[in-house]
Amino acid sequence: MTPASRIPAADRDRPRGGPSVTRVAGLTRHNLKLWLGDVQVPILLLGMPLAMMAFLRPVYRDTLAGSGFADASGAEQAVPGMAVMFALLGAGILAADLHREKMWGTWERLRASGARTSEIITGKLLPPLLLLAGQLAVLFTAGTILFDLPLHGSLAGLVLVAAAFAIAMTALGTALSATIRSITALGAVGNAASVALAGLGGAIVPLSVMPEWAAALAPATPSYWAMRGFQAAIFDSGGLTTAATSTLALLAMATILGAIASWRFRRSP
């Protein structure tokens, strides 16, 4: 049993039961509108990665050719790599958004309106999760149409990995927001962490050309498992088996990050 002292005061006198679908849907719609109304979201999540794909594809074509993929167009690295890197940056946007709402006392006002804590959390995290999943879907579709991205492996596997990666990025953004108290530090750490994780995971350059120490650290990053799953679907180098491994690894990381966020939020004043 959860002690009453650990239940938020605004929730103690409410009737017990599951979250209200109506309230969660309303909060989700409202927060989705806020996300879509922010001009940096479509630019950062879609415009910039598409531009980077176009610029980097010729470079990656030569890199992949030197790694034994003579027929590669470069899209095999550019599309998943930029999708992963900018999803990481999307996690930073989520972290900043949650931090601002905490500073403004938005959650306390929502609790006073009758919404449960579980409903507020669901309504806040569903929009970025849907946007990150949508971002990956749009970028891979655009990569196939605009940059001739091949898909020799399992489409179902690619979808599974993309969904798990979107969940992991939502958990990462929540953990960053819960752990870092200053909005200025959050921006700096979030951007640095995004680039570092993208680099270590093989999103910026293929793992085959990375230094040994970086390749050894790569499996500790969500970007590594996302790239591994995506490229298995692209090159048909493992199919659903590799996709399942990557999906489970990403969900495990999401669980750990979610536990860290929950612990930090409970301890924060």
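At a threshold of 4.5 Å between non-hydrogen side-chain atoms, the residues T63 and V205 do not count as touching. L46 places a side-chain heavy atom less than 4.5 Å from the side chain of V138. Counting heavy atoms from C-beta outward, T170 and L94 have side chains that approach closer than 4.5 Å. A heavy-atom distance below 4.5 Å is not found between the side chains of T179 and V189. Within the 4.5 Å cutoff, side-chain heavy atoms of M53 are placed close to those of L139. Considering only heavy atoms from C-beta on, L257 stays 4.5 Å or farther from T174 through its side chain. Looking only at side-chain heavy atoms (C-beta outward), L136 and L132 stay at 4.5 Å or farther from each other. Side-chain contact between L64 and Q77 is present, with at least one heavy-atom pair separated by less than 4.5 Å.
Linking Ile, Leu, Val, Met, Phe, Trp and Tyr whenever their side-chain heavy atoms come within less than 4.5 Å puts L44 and L56 in one cluster. Connection of V41 to V84 is established within a shared hydrophobic cluster, with ILVMFWY side chains joined at heavy-atom distances below 4.5 Å, either directly or through further cluster members. Under a hydrophobic clustering in which Ile, Leu, Val, Met, Phe, Trp and Tyr are joined whenever their side-chain heavy atoms come within less than 4.5 Å, directly or via other members, L146 and V59 fall into different clusters. Clustering ILVMFWY residues whenever any of their side-chain heavy atoms sit less than 4.5 angstrom apart, transitively, puts L250 in a cluster other than the one holding L240. Each of I260 and M253 belongs to its own hydrophobic cluster when Ile, Leu, Val, Met, Phe, Trp and Tyr are linked at side-chain heavy-atom distances under 4.5 angstrom.
Between L172 and A91, the shortest heavy-atom contact is CD2-CB, 4.2 Å. In terms of heavy-atom proximity, M210 sits nearest to G202 at SD-CA, 4.1 Å. In terms of heavy-atom proximity, G143 sits nearest to V79 at CA-CG2, 3.8 Å. Taking all atoms of both residues into account, the shortest heavy-atom contact from A171 to A254 is CB-O, 3.6 Å. Closest of all the heavy-atom pairs between G190 and L176 is CA-CD1, 4.5 Å. Of all the heavy atoms in A233 and L158, the pair that sits closest is CB-CB, 3.8 Å.
Within the structure, ring pair (Phe, Tyr, Trp, His ring centres under 6.0 Å) pairs that include any residue of residues 52-92 comprise F69-F235 (at least two apart or interchain). Screening residues 125-146 for ring pair (Phe, Tyr, Trp, His ring centres under 6.0 Å) gives F140-F230 as the qualifying pairs, with residues at least two apart or on separate chains. Sequence neighbours left out, the pairs with a member in residues 192-209 that pass side chain to side chain donor-acceptor pair (under 3.5 Å) are S67-S208.
Judged by distance alone, with hydrogens and angles left aside, the side-chain atoms of S246 form a donor-acceptor pair with the main-chain N or O of W225 at under 3.5 Å. At distances below 3.5 Å, not a single donor-acceptor pair connects side-chain atoms of E76 with backbone N or O atoms of P150. Q135 places no side-chain N or O within donor-acceptor distance of the main-chain N or O of A133, the cut-off being under 3.5 Å.
Rounded to the nearest 0.5 angstrom, L50 CG and L45 CG are separated by 11.0 Å. Rounding to the nearest 0.5 Å gives a distance of 11.5 Å between CG of L88 and CD1 of I93. For the atom pair I204 CD1 and M227 CE, the distance stands at 10.5 Å (nearest 0.5 Å). Note: I167 CD1 to L125 CG = 11.5 Å, rounded to the nearest 0.5 Å.
Every residue was checked against the side-chain hydrogen bond (donor to acceptor under 3.5 Å, both in side chains) condition with S154, not counting sequence neighbours, and none meets it. For A185, the side-chain contact (heavy atoms from CB on, under 4.5 Å) partners two or more places apart in sequence, or in a different chain, are I180, S182.
Atom CE of M48 is surrounded by 12 or fewer heavy atoms from other residues, nucleotides or ligands within 6.0 Å.
Other residues sharing the hydrophobic cluster of L200, ordered by chain and number and joined by side-chain separations under 4.5 Å: W213, L217.
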